[in-house]
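Please read all numbers here as calculations on a predicted model, not as lab measurements. One-based numbering along the sequence shown.
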Amino acid sequence: MKSMEPLEAAIQTLSERGYCCSQILALLILGAQDRENKDLVRSLAGLCHGIGQSGDACGILTGACCVISYLVGPDDDENIIAIPEAKIIQEEFVDWFREVCEQRWGSIHCGTIIDEDNPNGPDKSHCRVLLAKSWTRLLGILTQHSIAYATRRGKKPARVEA
């Protein structure tokens with residue numbers, strides 16, 4: 001049996017504890033920031049198994065969009081403008097995710113990705129692998145746009161200076 005990469009092992013552990021993909025993404029970003037936010041993690045349960053358990057848009061996609069907004073979105077009534085690259089960062093991730101999923105499964109829908117209609121039951125191993133790839137891609141996009149994601153959240157994400 002092949003041993004898992006550390007990221008996949010962490011994802012598997014969180015999954016075994018009962019967290020779904022969107023919640024795991026929140027836990028990963030909060031962990032990178034050495035923070036906790038139980039309300040955020042709980043709220044992302046609404047994206048589990050494709051938006052409200054519908055099998056629709058994958059929670060990895062929607063959860064990643066929430067994580068991006070958490071990092072680069074507006075802070076409060078005084079800072080209601082997201083950073084200028086926010087839309088571009090979202091688009092880059094969504095385009096990448098759509099391409100990967102449509103090439104592999106023909107869809108971005110959770111039910112299709114896990115093959116929920118399989119008589120042998122759904123294959124959630126796809127989730128762990130896709131989640132690890134998505135997390136890695138998300139961090140790459142953030143790094144490319146000089147967003148310091150692994151720091152405590154202040155009013156705005158810190159810029160990484162070259």
Side-chain angles (χ1 to χ4, degrees), residues 1-73 82 86-145 147 149-151 153 157:
M1 180 175 169
K2 178 184 149 190
S3 67
M4 282 188 255
E5 295 293 323
L7 176 58
E8 282 189 41
I11 290 167
Q12 181 67 30
T13 298
L14 291 169
S15 178
E16 288 170 356
R17 288 176 50 197
Y19 294 106
C20 72
C21 296
S22 52
Q23 292 175 302
I24 291 171
L25 283 169
L27 289 165
L28 290 173
I29 197 61
L30 291 167
Q33 296 178 333
D34 194 27
R35 294 187 73 202
E36 289 185 17
N37 188 330
K38 293 177 182 179
D39 294 333
L40 172 64
V41 175
R42 185 176 52 256
S43 70
L44 291 180
L47 304 175
C48 294
H49 191 77
I51 305 173
Q53 306 290 321
S54 70
D56 205 335
C58 176
I60 297 170
L61 172 61
T62 55
C65 289
C66 291
V67 166
I68 292 167
S69 291
Y70 168 78
L71 293 169
V72 301
K87 185 174 190 278
I88 293 168
I89 292 168
Q90 291 271 6
E91 288 173 350
E92 285 181 28
F93 183 82
V94 170
D95 290 347
W96 172 84
F97 188 88
R98 184 178 306 280
E99 182 178 330
V100 166
C101 289
E102 287 180 352
Q103 283 180 359
R104 174 76 168 89
W105 296 286
S107 173
I108 61 167
H109 294 138
C110 177
T112 303
I113 293 168
I114 65 171
D115 194 15
E116 70 183 351
D117 294 331
N118 186 329
N120 297 322
D123 185 353
K124 292 194 175 186
S125 70
H126 297 164
C127 303
R128 184 181 67 242
V129 173
L130 182 58
L131 188 50
K133 287 180 181 180
S134 295
W135 176 249
T136 301
R137 180 65 185 133
L138 178 59
L139 297 186
I141 292 169
L142 293 168
T143 299
Q144 178 184 346
H145 289 277
I147 303 300
Y149 53 85
T151 57
R153 180 155 166 88

- Message: So, using side-chain contact (heavy atoms from CB on, under 4.5 Å) as the criterion, who are the partners of Asp117 when residues are at least two apart?
- Response: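 With sequence neighbours excluded, Asp117 shows a side-chain contact (heavy atoms from CB on, under 4.5 Å) to no residue whatsoever.
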Return the [atom1] to [atom2] distance between [X] and [Y], rounded to the nearest 0.5 Å.
{"X": "Glu8", "Y": "Lys133", "atom1": "CD", "atom2": "NZ", "result": "9.0 Å"}
{"X": "Leu14", "Y": "Tyr19", "atom1": "CG", "atom2": "OH", "result": "7.5 Å"}
{"X": "Arg98", "Y": "Phe93", "atom1": "CZ", "atom2": "CZ", "result": "11.5 Å"}
{"X": "Ile113", "Y": "Cys101", "atom1": "CD1", "atom2": "SG", "result": "4.0 Å"}
{"X": "Ile88", "Y": "Ile68", "atom1": "CD1", "atom2": "CD1", "result": "12.5 Å"}
{"X": "Trp135", "Y": "Ile11", "atom1": "CH2", "atom2": "CD1", "result": "9.0 Å"}

- Query: Any side-chain heavy atom of Leu71 within less than 4.5 Å of one from Gln33?
  - Reply: yes
- What do you reckon, is CD of Gln144 surrounded by more than 12 foreign heavy atoms closer than 6.0 Å? yes
- Task: Take Ile29 and Leu25 through the side chain to side chain contact (heavy atoms under 4.5 Å, CB included) test and state the conclusion after the steps.
- Result: CA-CA 6 Å; Ile29 197 61; Leu25 283 169; over 6 Å; no
- Would you sort out whether Asn120 and Asp115 count as a side chain to side chain contact (heavy atoms under 4.5 Å, CB included), showing the intermediate values? CA-CA 10 Å; Asn120 297 322; Asp115 194 15; over 6 Å; no
Side-chain atoms of residues 42-65: list all donor-acceptor pairs with protein atoms under 3.5 Å, sequence neighbours left out, distances to 0.1 Å.
| unit_1 | atom_1 | unit_2 | atom_2 | d |
| --- | --- | --- | --- | --- |
| Arg42 | NH2 | Asp39 | OD1 | 2.5 |
| Ser43 | OG | Asp39 | O | 3.4 |
| Ser43 | OG | Leu40 | O | 2.8 |
| His49 | NE2 | Glu116 | OE1 | 2.9 |
| Ser54 | OG | Gly50 | O | 2.4 |
| Ser54 | OG | Ile51 | O | 2.9 |
| Ser54 | OG | Asp56 | N | 3.1 |
| Asp56 | OD1 | His109 | NE2 | 2.9 |
| Thr62 | OG1 | Cys58 | O | 3.4 |

- Task: Among residues two or more places apart or on two chains, list those pairs meeting salt bridge (Lys or Arg N to Asp or Glu O under 4.0 Å) that have a residue in residues 9-23.
- Result: none
- Note on the structure: Minimal heavy-atom distance between Trp105 and His126, with the atoms involved, is NE1-ND1, 3.6 Å
- Where Arg137 and Trp96 come nearest, the two heavy atoms and their spacing: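 Reported closest heavy-atom pair: CG-CD2, 3.4 Å.
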- Say whether, by atom type as modelled, one donor and one acceptor occur between the side chain of Gln23 and the main chain of Cys20 under 3.5 angstrom.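 Yes; judged by distance alone, with no hydrogens or angles, the pair exists.
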